[in-house]
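Working notes for the structure below.
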Amino acid sequence: MIGARPPLRAVLMLALAALLLGLGAFLSSGRGRAYTPAADDVARTVVCQCGCNLVLYNCNHIGCPPKEDMYSSIETQLKRGASPQAIVASFVAEYGETALAAPTKEGFNLTAWLLPFLAILAGAGVIYLALRTWVGAAVPASIPLVSQGRRDDSEYRRRVEADLKRLGGGG
Amino acid sequence: MTDIGYSALVLALVVSVFSAVAAFMGARGHQGELWASARNGVFVAFALLTLASAILLYFLLSHDFRVEYVSQYSSTAMSLVYTISAFWAGNQGSLLMWAWFLSLFLTLAYLQHRRTLPHLMPYVVAVGMAILSFFLVLLVFLANPFKVLPFPPAEGRGLNPLLENMGMLFHPTTLYIGYVGLAIPFVFAMAALITGRLGDDWLRATRRWTLLAWFFLGLGNLFGAAWAYVELGWGGHWGWDPVENASFMPWLVATAFLHSSMIQRRRGMLKIWNMALIIIVFELTIFGTLLTRSGVLSSVHSFAESGLGPFFLAFIAVSGALSIGLLFYRRERLRSEDELDSFISRESSFLFNNLLLVGAAFAVFWGTVFPLVSEWFRGVKITVGPPFFNQVVGPILLALLLLMGICPLIGWRRATPGNLIRNFLYPVGAALGLMVALFALGVRDGMALFALGVSAFVFAAILLEWFRGTRARARTRSQNWLSAFGGLVWANKPRYGGYVIHVAIVMGAVGIVGSSFFKAEVSATLAPGEKVDIGQYTLKYEGLRDYSTVDRQVSAAVLTVYNGEKFVDSLSTERSFYPYFNQTMTEVAIRTTLLEDIYVIYTGSEGQSASFKIIINPLEVWIWIGGVVTALGMVIAFWPDPREGLMLPREAQTS
């Protein structure tokens with residue numbers, strides 16, 4: 001800057017000051033996320049290949065090399081415009097299906113997703129049939145509680161039922 | 001001394017086998033002396049296993065590294081607490097603990113019911129000692145904890161640093177009490193099937209055993225989750241690891257059994273189903289033990305692969321076949337005594353409760369074993385991780401939570417439409433009100449809104465039940481509300497203890513929803529003095545502090561937490577390097593309030609700069625509070641009732 005004309009010197013000094021201030025602001029606020037949110041989203045769907053059996057996002061090994069490599073690959077591919085599905089497919093191509101944190105929803109793997117719900121539906125059907133049998137076999141409520149010749153307790157029963165209703169019987 | 005310890009195991013095996021056979025033959029042949037001898041074998045086996053356990057403990061406490069097990073899992077640098085916990089740190093010691101607990105529980109169950117159920121006890125002893133024999137065979141021939149090293153080391157390896165946490169004291173012990181405790185209702189059920197005494201006696205006799213085992217199994221799961229949360233450093237508490245799942249499945253099915261056994265005691269129904277459930281529970285506890293030791297599925301929890309897998313599989317196959325065969329043989333005598341009055345009744349809602357609990361257990365089981373299934377059928381290895389379980393098991397558990405609120409609102413035997421409307425009105429109103437309020441506050445995640453709404457529904461339903469019961473009691477007995485409430489709970493401890501546990505489940509559900517759906521995270525690399533914002537907080541990194549201990553080198557990073565300008569707390573998170581294990585571990589920093597946890601993980605450093613992962617976990621603490629409230633509910637439900645003793649037969653004891 002020595003020898004520059006005064007206006008230019010002023011401009012350069014201002015620019016330098018702005019740069020320093022901006023840098024200071026940036027540093028004092030701490031550098032942001034180590035990984036981008038988009039990378040984290042992909043990392044939640046694949047398994048870290050270090051052997052921890054955790055999804056990549058949750059791998060807790062300090063300085064884990066496979067984790068660093070996988071995240072680096074994700075970030076690089078995202079910058080190139082690759083879709084999350086394509087990134088995941090690249091991991092599958094490299095590591096096999098064990099790279100996926102969950103089975104695919106196609107082919108044989110569909111049985112993983114569907115069988116529990118089908119089992120519950122089947123169980124519900126069995127319960128329905130069992131209930132029909134049990135309820136159908138129940139003693140009908142129309143059988144009179146009072147036989148002929150006995151004292152009529154209907155007024156007493158009416159009072160008991162009214163009391164029960166008032167006290168809110170729920171079981 | 002190792003010879004004494006091993007000899008005690010061998011003798012215990014001989015006694016157990018003798019006791020199992022003699023009890024069965026003595027009962028079948030009405031040979032009183034043979035039965036007396038068999039029953040004495042229960043006490044002798046317990047004494048021998050206690051001796052073996054005491055000897056192993058002595059070796060650990062005296063740091064006798066001539067014993068291979070002691071040298072593998074302890075060192076002189078370990079504190080007393082961790083030295084004791086080394087007893088169950090490895091395969092051999094944990095099997096010995098299994099066997100000791102089983103012999104203890106069999107002894108107590110025998111002493112408890114020898115006069116009330118004398119016709120069942122020989123077969124209880126026979127089946128129980130047969131199970132004990134299996135574990136003793138493993139200990140004597142395949143997993144000897146008293147094996148001696150030809151060249152003992154000067155120092156032991158010590159515990160894996162991950163295990164040096166107070167969770168090591170509580171998590172395995174409570175889990176094992178739960179696992180082994182569930183064997184007691186199983187052996188009583190088998191005794192009932194063998195004898196043909198298929199009434200409710202075995203069920204009433206084992207209600208407290210089932211409750212206690214269920215509680216400890218749940219507690220063990222919770223301790224494990226808490227340990228994972230504070231130790232593993234990924235900010236979560238449940239990873240759907242195969243071994244975690246293996247302890248969750250029997251807990252789910254045991255929960256179903258606890259509920260459906262109520263139906264059998266009240267209405268004489270679901271006898272076959274209850275038998276099937278207790279068989280499934282027992283086999284799942286053995287399956288869990290198998291998973292931890294066989295290495296068939298990768299898990300962060302597994303012991304080193306031990307070669308015991310085929311033996312456990314064989315035991316599951318044989319015990320499962322025998323018990324199912326017995327159940328099939330007795331099926332005609334297990335027909336329901338009663339019928340249902342209505343489709344809409346508490347009984348039918350319990351059936352759906354069972355369906356969802358067993359369905360959830362099946363979903364967890366299927367997801368856990370699917371990698372093996374995939375390999376068998378397609379030759380392709382796959383992983384089934386949290387995204388699967390969250391999407392499949394999550395909705396089932398949510399439906400179960402909803403049912404937990406519906407069941408108490410429906411009367412026994414029959415519910416009328418008017419009754420239903422009256423009972424559901426306020427809880428539904430509470431749920432809708434909360435959902436609208438949360439939506440107005442900006443919550444937009446549909447699943448989170450629904451889950452919290454369901455939680456409000458369940459909580460309101462339980463409160464309504466208490467309110468109505470207290471009001472009825474206050475009116476009829478002219479009591480103040482506090483006395484009426486206390487009297488209400490005391491008059492029906494199992495029921496109201498159950499409601500307290502339901503409230504605890506709601507608390508846990510709220511904690512899970514909060515920490516799952518509303519979590520905030522940020523990662524940052526900071527130089528001393530730099531700050532990072534997360535939510536309403538600002539964390540300022542103050543600097544590093546390095547120090548060493550006997551077994552590790554520690555780097556501690558200190559951060560101060562501010563809410564705006566207001567100082568909130570100072571947190572210290574550490575990274576420790578263990579030279580002996582060549583392993584680096586983190587100690588996270590957690591600041592807990594009723595609303596949220598601030599969770600800080602020190603992930604790395606360069607010079608004085610340090611990298612952190614900072615997480616806000618809303619409502620996380622309610623998961624642990626739910627555990628405490630569960631314990632309270634258990635105490636209430638478990639409290640002795642003098643009337644219960646009158647329900648068990650007092651038959652003359654056979655000679």
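Just so it is clear: chains get the letters A, B, ... in the order the sequence lines come, proteins before strands, and each one is counted from 1. Note: hydrogens, waters and symmetry copies are ignored here, and every other heavy atom, side chains too, is used.
- Ring centers of Phe370(B) and Phe388(B): at least 6.0 Å apart, outside the cut-off.
- Side chains of Glu587(B) and Thr573(B): a donor-acceptor N/O pair is absent below 3.5 angstrom, by distance only.
- In this structure, the portion of Ile396(B) lying under 4.5 Å from any heavy atom of chain A is its side chain and not its backbone.
- Under the 30°/60° scheme for interplanar angles, the aromatic rings of Phe612(B) and Tyr602(B) are found to be tilted.
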request  = Start with the C-alpha distance between Lys519(B) and Ile615(B), add both sets of side-chain angles, then the distance that settles side-chain contact (heavy atoms from CB on, under 4.5 Å), and finish with yes or no.
outcome  = CA-CA 7 Å; Lys519(B) 185 188 294 248; Ile615(B) 303 171; 3.6 Å; yes

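- Of residues 114-125 of chain A, those residues with a non-hydrogen atom less than 4.5 Å from any non-hydrogen atom of chain B are, in numerical order, Leu115(A), Pro116(A), Phe117(A), Ala119(A), Ile120(A), Gly123(A), Ala124(A).
- Of the listed residues (Trp366(B), Phe352(B), Trp240(B)), the one with the most heavy-atom contacts under 4.5 Å to chain A is Trp366(B).
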Per-pair distances, 0.1 Å, donor-acceptor, side chain in residues 354-362 of chain B, under 3.5 Å, sequence neighbours excluded:
unit_1: Asn354(B); atom_1: OD1; unit_2: Ser260(B); atom_2: OG; d: 3.4
unit_1: Asn354(B); atom_1: OD1; unit_2: Trp273(B); atom_2: NE1; d: 2.6
unit_1: Asn354(B); atom_1: ND2; unit_2: Ala256(B); atom_2: O; d: 3.2
unit_1: Asn354(B); atom_1: ND2; unit_2: Phe350(B); atom_2: O; d: 3.4

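- Between Glu347(B) and Arg267(B), at least one side-chain N (NZ, or NE/NH1/NH2) sits under 4.0 Å from a carboxylate O, which counts as a salt bridge.
- The pair Glu75(A)-Arg80(A) does not meet the salt-bridge criterion, since no charged nitrogen lies less than 4.0 angstrom from a carboxylate oxygen.
- Listed by first then second residue, pairs satisfying ring-ring contact (aromatic ring centres under 6.0 Å, His included) with a partner in residues 67-92 of chain A read Tyr35(A)-Tyr71(A), not counting sequence neighbours.
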request  = Using the side-chain contact (heavy atoms from CB on, under 4.5 Å) rule, take Ser609(B) and Glu530(B) through it: C-alpha gap first, then chi angles, then the decisive distance, then the call.
outcome  = CA-CA 10 Å; Ser609(B) 292; Glu530(B) 291 182 344; over 6 Å; no

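- Annotation: residues 101-109 of chain A contacts chain B through Ala101(A), Ala102(A), Pro103(A), Lys105(A), Phe108(A), Asn109(A) [non-hydrogen atoms, separation under 4.5 Å].
- Checked by atom type, the side-chain pair Ser90(A)/Glu94(A) shows no donor-acceptor distance below 3.5 Å.
- If you measure heavy-atom distances from Val392(B) to chain A, the contacts under 4.5 Å come from both the backbone and the side chain.
- Contact of Phe377(B) with chain A is made through the side chain alone, with heavy-atom distances under 4.5 Å.
- Per-residue counts of heavy-atom pairs under 4.5 Å with chain B were compared for Val47(A), Val55(A), Thr111(A), Thr45(A); the largest is that of Thr111(A).
- Within the cation-pi definition used here (under 6.0 Å to the ring centroid, within 45° of the axis), Lys613(B) qualifies as a partner of Tyr57(A).
- With hydrogens and angles left out, the side-chain atoms of Thr586(B) and Glu574(B) include no donor and acceptor closer than 3.5 Å.
- Only the side chain of Leu270(B) comes within less than 4.5 Å of a heavy atom of chain A; its backbone N, CA, C and O stay farther away.
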